[in-house]
Amino acid sequence: MRLFLSRLHFPVTTLGPGRRAGIWFQGCSLHCPGCISTDTWIHERGQTTVADVIQTISPWLHEADGVTISGGEPFEQLEALEALLIALREEIGPDKDVLVYSGHTWEKISRRLSTWAGLADALISDPFVRSGSQTFVWRGSDNQRLHLLTELGRKRYSDSRHALRETLPKALDVYFDGDTVWMAGIPEAGSLTQITQALADAGFASAASDGDPISPQPFPVFA
Ligand code: SF4
């Protein structure tokens, strides 16, 4: 099955519990104001296959606590997302969870999710709202809802539903890929400006968007 991805990475420690394999879909037409992942908006870039994704992340899984699927907008590649979830469930075993992010509302995607019973353990729905408050863990704005979809999801995420960001250390995952610096996680409002300034001082030019960029996505900073 063909799909379009932005990137894969391990470990991701800021988008769900524990050390996780991260899968970022490519393509998003929602265009939330303030999104810092505008590089993932373009569709039909980064073509790969579900089999190749599984092959790439497979060596990571014995160390991983779970898998996080973000974007971009995963639900804009419905058939590929379903195929990936099926393949992941077969690959990761019963003790690792799958968390999916979507910018769509729960009301829009829940019918589809009901046909995927058992494939995703937790889902964070709803678009990022730049002017919204930002107090809950793993969410860019407080309108975003955490849904527990399986027994494993309830077991692993129940305490996180209303958990506050302040209960976790302030952290972003930062990793280097050639001359590109990537960050994953959810920066606090306004902090990206400081981060990109520090990187600029170190000789990197930022390609991140402006505004108060808060998003559960990675963003590229190009040297
Ligand atoms: S925050 Fe997520 S859903 Fe919103 S525009 Fe950015 S990638 Fe798309």
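Here the structure is a predicted model, which is why all the values come from computation and not from measurement. We count ligands from 1, going down the list as the structure has it; atoms in each ligand are counted the same way. Heads up: numbering here begins at 1 and tracks the sequence.
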Do the side chains of Trp116 and Leu81 get nearer than 4.5 Å, heavy atoms only?
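Side-chain contact under 4.5 Å: yes.
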Closer than 4.0 Å to some heavy atom of [X] - which atoms of ligand 1 meet that?
X	value
Gly103	3 (S)
Leu30	3 (S)
His31	5 (S)
Cys28	3 (S), 5 (S), 7 (S), 8 (Fe)

Closest to atom 5 (S) of ligand 1 (heavy atoms only, candidates Cys32, Pro127, Ser37) is Cys32
Under a 3.5 Å threshold, yes or no: a donor from one side chain and an acceptor from the other, between [X] and [Y]?
X	Y	value
Asp126	Thr105	no
His147	Ser125	yes
His43	Glu76	yes

Run the salt-bridge test on Glu151 and Arg156 with the 4.0 Å N-O cut-off and return the result as yes or no.
no
Check each heavy atom of Tyr101 against ligand 1 and say whether those closer than 4.0 Å belong to the side chain, the backbone, both or neither.
neither
